[in-house]
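Here's the structure we're looking at; comments come further down.
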Amino acid sequence: PDFLGLVDLAVIGEGEEAICEVVTGLRADGDLRGIPGVAFLSDGAQVVFTPRRPLEQLDRLPFPQYDRQMVQNAYTERVLPLLMSRGCKGKCTFCDARFFQARYRSRTAQNVFDEILHHVRTTGTTHFTFNDLAINWNLKELERLCDLIIEEEDLTIWWNASATIRKGMTKRLFEKMRVAGCAPGGTESIFGARGGSLVFGLESGSSKVLERMGKYYRVPEAEAVLKRAHQAGIPTWINLIVGFPGEGEHEFQETIGFLRRNVSNITEIATLSLCYVPQFAELGLSPERFGIELPDEEFMLDWHSGKGSGYQTRKLRAVRLIRELEALGKRPLATNLDYAPDDGEAVGLAEPDELHGQDATETGIQKQILLVMPPPWEDVAPPLGLGYLESYLTHHGVQVTIVDANLVSLETVPEQDRELWQYEFIDKWNDRRLFQRFAKGKLALALDRCLEEILRVQAPIVGFSVNQVNRLFVAELIQ
């Protein structure tokens, strides 16, 4: 509803093929109604949308292309994003990835390895971060990738990734991962850690809570996997969620006991989060199943259960856990705990020099599109999604310009206001009342600068990367 009357259409889901067909359709006769994956208003009122089948062969996508100077100077860390898979096999009830992403598909290890070599040779980068929801759903391809990296004698890289707890994560596989680059060291920081690491979405130390979360594993498997990873020499980070529906004092104490028992196998606590209820996660779609009531407003931390467990109760419990972790020497690196209800020059991606799949001359498309990456987003590495879009569209004959409005905004706001990009403040962008104040204050100059960069390009088609967090900023910018 934020964009009704503001935009011509929306591409929902993976956008490479759909956006390319939009450009083609506009060049031909302007009829976009038959394009799967494109939503638009019919007769000014009814939303028409036909879902699109996801890309099956991810190896056919051209590699994202990055300019060496951009990698070295534009971002805070000299690290490039990679993607081994799309989608997720998990069914976590607090996560909305299944709603927004298609089913799980994996690239081949050879294709990922070829991309790594390409980036090392063209940008000099030796530090990478995998953006997969979990890198270890396809253990065969993960192990094969490690073998390829190890066998390349002149290649030394470091990488980090998110992972899920799985019995198939053997000591032998962990050792290969360490030798292949998931290990401490290197010359650059990857999201605050020197060298590589593995971040497990553990979330709780209570088997009862893990079951309600929809996790495939229980506490014994989690303890065994963390121990094997640590023994193999891999820095092991974990994420924690406090206050999930059904977590009482007993379950909370189980998590504390888990952390005490396994502290020697845990390198860092990556995030500690109060349970947030995304609108399109199972928690948000079926709150009655979990015995919770959601607020009328958009602030989805402020839910409560029939037993009287409200935001303040969960917040106090999270403070207790932080103090416990501090006593163990494991203070969380990021938390959303500080967020509570409120009372009172553009960088472009390089032209690709290596293409895969269909040749651009087959389509004959000669159109221009501007792709905009709005804030808030991490400024540690180039945006991977736009990298894929740019390479695919350019490969099919579309002239692409990218405005990284996130970097433009960061360069514009005063240093003290950059805290809005930190994890504990990120949901403030999604609070309508707060954002209206920001748009007239902290972010006013950033909005003006972003608008200048967009208008400077004078592209006939402008596309914005939109998600739940940045939608208010994008709507304001379009207006």
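Counting from 1, the numbers follow the sequence of the chain as shown.
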task = Could you please spell out the steps behind the salt bridge (charged side-chain N to carboxylate O under 4.0 Å, His left out) verdict for Arg228 and Glu175?
result = CA-CA 9 Å; Arg228 289 197 293 269; Glu175 289 174 345; over 6 Å; no
message = With side-chain contact (heavy atoms from CB on, under 4.5 Å) as the criterion, how do Leu145 and Met84 come out once you've worked through the C-alpha distance, each side chain's angles and the decisive distance to 0.1 Å?
response = CA-CA 10 Å; Leu145 175 62; Met84 193 165 182; 4.0 Å; yes
request  = Give the C-alpha distance, both sets of side-chain angles, the deciding distance and a yes or no for side-chain contact (heavy atoms from CB on, under 4.5 Å) between Leu210 and Tyr217.
outcome  = CA-CA 7 Å; Leu210 290 174; Tyr217 58 86; 3.8 Å; yes
task = Let me see the working for Ile322 and Arg331 under side-chain contact (heavy atoms from CB on, under 4.5 Å), right down to the final yes or no.
result = CA-CA 6 Å; Ile322 290 176; Arg331 180 176 177 83; 3.6 Å; yes
key: Test log, rule side-chain contact (heavy atoms from CB on, under 4.5 Å), inputs Phe438 and Glu476   = CA-CA 11 Å; Phe438 294 157; Glu476 186 75 17; over 6 Å; no
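Residues Pro375 and Leu410 form no side-chain contact, since every pair of their non-hydrogen atoms from C-beta on lies 4.5 Å or further apart. Between Asp59 and Arg107 there is a side-chain heavy-atom pair separated by less than 4.5 Å. Contact annotation: the side chain of Trp159 never approaches that of Leu82 to less than 4.5 Å [non-hydrogen atoms, C-beta and beyond]. The shortest distance between side-chain heavy atoms of Leu393 and Leu371 falls below 4.5 Å. Ile238 places none of its side-chain heavy atoms less than 4.5 Å from the side chain of Lys330. With a 4.5 Å cut-off on side-chain heavy atoms, Cys275 and Pro245 count as touching. Between Leu477 and Phe464 there is a side-chain heavy-atom pair separated by less than 4.5 Å. Between Tyr66 and Pro81 there is a side-chain heavy-atom pair separated by less than 4.5 Å.
Closest heavy-atom contact between Leu133 and Gly87: CD1-O, 3.9 Å. Pairing each heavy atom of Phe113 with each of Leu148, the nearest pair is CE1-O, 3.5 Å. Between Ala18 and Val11, the closest heavy-atom pair is CB-CG1, 3.7 Å. The two residues Arg418 and Val413 come nearest to each other via the heavy atoms CG-CG2, 3.7 Å. Minimum interatomic distance between Leu386 and Ser465 (heavy atoms only, all atoms of both residues): CD1-CB, 3.9 Å. For the pair Ile19 and Leu389, the tightest heavy-atom approach, listed with the atom from each and the gap, is CD1-CD2, 4.0 Å.
Of the possible polar contacts, one joining the Lys215 side chain to the Gly201 backbone as a donor-acceptor pair under 3.5 Å is found. Between the His230 side chain and the Thr236 main chain, no donor and acceptor come within less than 3.5 Å of each other. A donor-acceptor pair under 3.5 Å is absent between the side-chain atoms of Ser85 and the main chain of Ser106, judged by distance alone. Put simply, the side chain of Arg105 never gets that close to the backbone of Leu58: no donor and acceptor are under 3.5 Å apart. A donor-acceptor pair is defined here as one N or O able to donate and one able to accept, closer than 3.5 Å; such a pair exists between the side chain of Thr93 and the backbone of Arg212. Formation of a donor-acceptor pair under 3.5 Å by the Asn265 side chain with backbone atoms of Leu226 is not found in this model. Between the side chain of Arg178 and the main chain of Ala232, a donor-acceptor pair closer than 3.5 Å is present. No side-chain donor-acceptor contact under 3.5 Å links Thr255 to the backbone of Ser204. Within the 3.5 Å criterion, the main-chain N or O of Ala270 finds no donor-acceptor partner in the side chain of Asn239. Side chain of Trp237 to main chain of Thr271: no donor-acceptor pair is present (N/O by atom type, distance under 3.5 Å, no hydrogens or angles).
Taking CE of Met213 as the start and CD of Glu203 as the end, the distance is 6.0 Å to the nearest 0.5 Å. Here the CZ atom belonging to Arg260 is positioned 4.0 Å from the CD atom belonging to Glu324, to the nearest 0.5 angstrom. Note that NZ of Lys442 is 14.0 Å distant from CG of Leu447, once rounded to the nearest 0.5 Å. The distance from the CZ atom of Arg86 to the CZ atom of Arg103 is 13.0 Å, given to the nearest 0.5 Å. A distance of 12.5 Å separates CZ in Phe63 from CG in Leu83, rounded to the nearest 0.5 Å. Atom CD1 of Ile157 sits about 8.5 Å away from atom CG of Leu117, to the nearest 0.5 Å.
No more than 12 heavy atoms of other residues, nucleotides or ligands shown are found within 6.0 angstrom of NZ on Lys91. The 12-atom threshold is not exceeded at CZ of Arg53, counting heavy atoms of other residues, nucleotides or ligands nearer than 6.0 Å. By the 6.0 Å contact criterion, CD on Glu419 is enclosed, its count of non-hydrogen atoms from other residues, nucleotides or ligands being greater than 12.
Arg323 and Glu326 are not joined by a salt bridge, as no carboxylate oxygen comes within less than 4.0 angstrom of a charged side-chain nitrogen. Checked for salt-bridge contact, Glu254 and Lys208 miss the test: no charged N lies under 4.0 Å from a carboxylate O. A salt bridge does not link Glu247 with Arg314: every distance from a Lys NZ or Arg NE/NH1/NH2 to an Asp or Glu carboxylate oxygen is 4.0 Å or more.
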Show me, pair by pair, the donor-acceptor contacts under 3.5 angstrom made by side chains of residues 167-174, not counting sequence neighbours?
| from | atom 1 | to | atom 2 | distance (Å) |
| --- | --- | --- | --- | --- |
| Thr170 | OG1 | Leu173 | N | 3.1 |
| Arg172 | NH1 | Glu143 | OE2 | 2.6 |
| Arg172 | NH2 | Glu143 | OE2 | 3.4 |

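When only modelled atom types and interatomic distance are considered, Asn470 and Trp377 share no side-chain donor-acceptor pair under 3.5 Å. No side-chain N or O of Asn336 forms a donor-acceptor pair with one of Ser273 less than 3.5 Å apart. Side chains of Glu115 and Asn111: no donor on one and acceptor on the other come within 3.5 Å. Residues Arg471 and Asn430 have side chains that bring a donor and an acceptor to within less than 3.5 angstrom of each other.
Shown here are the side-chain contact (heavy atoms from CB on, under 4.5 Å) partners of Gln279, two or more places apart in sequence or in another chain: Gln468. Judged as a salt bridge (Lys or Arg N to Asp or Glu O under 4.0 Å), and not counting sequence neighbours, Glu268 has no contacts.
Geometrically, Arg320 does not engage Phe252 in a cation-pi contact defined by less than 6.0 Å to the ring centre and at most 45° from the axis.
The aromatic rings of Phe435 and Phe473 sit perpendicular to each other, their planes meeting at more than 60°, with 30° as the lower class boundary. Using the six-membered ring where Trp is involved, Tyr216 and Trp137 have ring planes that are perpendicular, over 60° apart on the 30 and 60° scheme.
Just one of His250, Glu249, Glu251 meets the side chain to side chain donor-acceptor pair (under 3.5 Å) condition when paired with Gln253; it is Glu249.
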